[in-house]
Amino acid sequence: MNTIITIGRQFGSAGHEIGEKLANHFGIKYYDKELLTRAAKESGFCEEMMQGHDERPTSSFLYNLVMDTYSFGYNSASFVDMPISHKVFLAQFDTIKKIADEGPCVIVGRCADYALSEYPNCLSVFIHSDEKSKIKHIMKKYSDITTEQKAKELMIKKDKQRQSYYNYYSSKKWGRSDTYDLSVNSGILGEDGTVKLLIQFIEDFEAKGGK
């Protein structure tokens, strides 16, 4: 096993659970929130700060100005003046590459597919689902979400955040099929059926020898 699997996901599509099951099946490491813990350790930022900016873009005027004016990277003389959200993104970006260099793993969200776009052993997957299935999953997972309306509102809010974050930092479009190697509707086969499908896809990819 030499493949790095990145998973983009709609909120409520069970992308987290599917990623975990894939990692368990192949006996490889799994990173979701774990990535924030590691990025915090390696960058010196506190974990609360990482979580506060996790997959959330800012639309402040200053932020846009800095993004337009300066190039990416710690080497830029402007790094000191960058907004904290930009620094957090760069810290995560670095950590994603370090993790990928260590060996096969599953990484969920955080523009990982974009960060690893040059890696021939990286497979990018997007998990989406129908509204009914997502609402059901959200209500089952979060005990404080007690109505379908609340589940729907949270789903729309989270997906907007993820989409804005991804589209802001990446040169691709979040959720669009041609952004990923494979896009799957988990509502059709369910969690385990989707895992089974992805295992087959990954094994065939490995047998072919990567990209």
Side-chain angles (χ1 to χ4, degrees), residues 1-35 55 96-97 99-142 145 148 151-152 154-156 158-163 165-167 170-211:
M1 175 73 179
N2 185 41
T3 304
I4 296 148
I5 302 123
T6 67
I7 297 180
R9 72 284 181 231
Q10 284 183 340
F11 191 75
S13 67
H16 175 97
E17 292 78 4
I18 288 163
E20 227 167 13
K21 287 178 180 180
L22 272 179
N24 287 337
H25 173 84
F26 288 111
I28 58 178
K29 288 185 177 177
Y30 172 81
Y31 295 94
D32 188 346
K33 296 288 183 192
E34 297 83 352
L35 193 145
E55 294 190 296
I96 287 165
K97 291 195 170 195
I99 285 167
D101 289 338
E102 288 166 6
C105 57
V106 175
I107 306 174
V108 173
R110 294 154 195 98
C111 293
D113 59 312
Y114 179 62
L116 304 177
S117 56
E118 301 301 313
Y119 285 62
N121 62 328
C122 178
L123 259 187
S124 60
V125 177
F126 188 81
I127 311 286
H128 58 102
S129 187
D130 59 278
E131 191 174 285
K132 193 178 172 184
S133 299
K134 286 189 287 187
I135 286 171
K136 190 179 171 186
H137 180 79
I138 292 164
M139 290 182 74
K140 185 181 167 189
K141 189 172 179 177
Y142 301 96
I145 304 294
E148 288 191 1
K152 188 175 178 178
L154 183 63
M155 178 182 80
I156 291 167
K158 287 285 187 184
D159 279 350
K160 266 187 185 168
Q161 283 179 348
R162 288 174 181 177
Q163 183 177 30
Y165 179 88
Y166 187 93
N167 291 356
S170 156
S171 58
K172 300 175 179 181
K173 294 289 178 198
W174 184 83
R176 209 170 77 176
S177 61
D178 60 357
T179 289
Y180 309 91
D181 296 316
L182 181 67
S183 188
V184 186
N185 182 343
S186 61
I188 294 174
L189 298 176
E191 265 179 53
D192 292 337
T194 303
V195 170
K196 192 178 168 188
L197 173 75
L198 290 174
I199 288 167
Q200 181 70 57
F201 188 72
I202 293 159
E203 285 176 348
D204 288 353
F205 174 76
E206 288 250 312
K208 182 177 158 284
K211 290 174 186 171

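Numbers for residues simply follow the sequence, beginning at 1.
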Would the distance check show the side chain of [X] and the main-chain N or O of [Y] forming a donor-acceptor pair, the cut-off being under 3.5 Å?
X: Tyr119; Y: Asp101; value: no
X: Gln200; Y: Leu198; value: no
X: Asp159; Y: Phe11; value: yes
X: Ser13; Y: Ile127; value: yes
X: Asn167; Y: Trp174; value: yes
X: Ser124; Y: Asp181; value: yes

Non-hydrogen side-chain atoms of Leu182 and Leu123 separated by less than 4.5 Å: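 No; the side chains remain at least 4.5 Å from each other.
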Could you check whether any side-chain heavy atom of Val125 comes within less than 4.5 Å of a side-chain heavy atom of Leu22, counting everything from C-beta outward?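 No, every pair of side-chain atoms sits at 4.5 Å or beyond.
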Work out which heavy atom in [X] is nearest to a heavy atom in [Y]; give both atom names and the distance.
X: Asp32; Y: His16; result: OD2-ND1, 2.6 Å
X: Gln10; Y: Ser129; result: OE1-N, 3.2 Å
X: Gly19; Y: Val106; result: O-CG1, 3.8 Å

Is the [atom1] atom of [X] crowded by more than 12 outside heavy atoms at less than 6.0 Å?
X: Lys132; atom1: NZ; answer: no
X: Glu148; atom1: CD; answer: no
X: Lys141; atom1: NZ; answer: yes
X: Glu118; atom1: CD; answer: no
X: Lys172; atom1: NZ; answer: yes

Could you give the distance from CD1 (Ile138) to CD (Glu131), rounded to the nearest 0.5 Å?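 These two atoms lie 9.0 Å from each other.
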Could Arg9 and Glu55 be called an ion pair, given the rule that one side-chain N must be under 4.0 Å from one carboxylate O?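 Counted as a salt bridge, because a side-chain N and a carboxylate O are separated by less than 4.0 Å.
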Ignoring hydrogens and angles, state whether a donor on the side chain of Glu20 or Asn24 is under 3.5 Å from an acceptor on the partner side chain.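 Absent: no donor and acceptor within the cut-off.
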Would you call the rings of Tyr180 and Tyr166 parallel, tilted or perpendicular, where under 30° means parallel and over 60° means perpendicular?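 Tyr180 and Tyr166: tilted rings.
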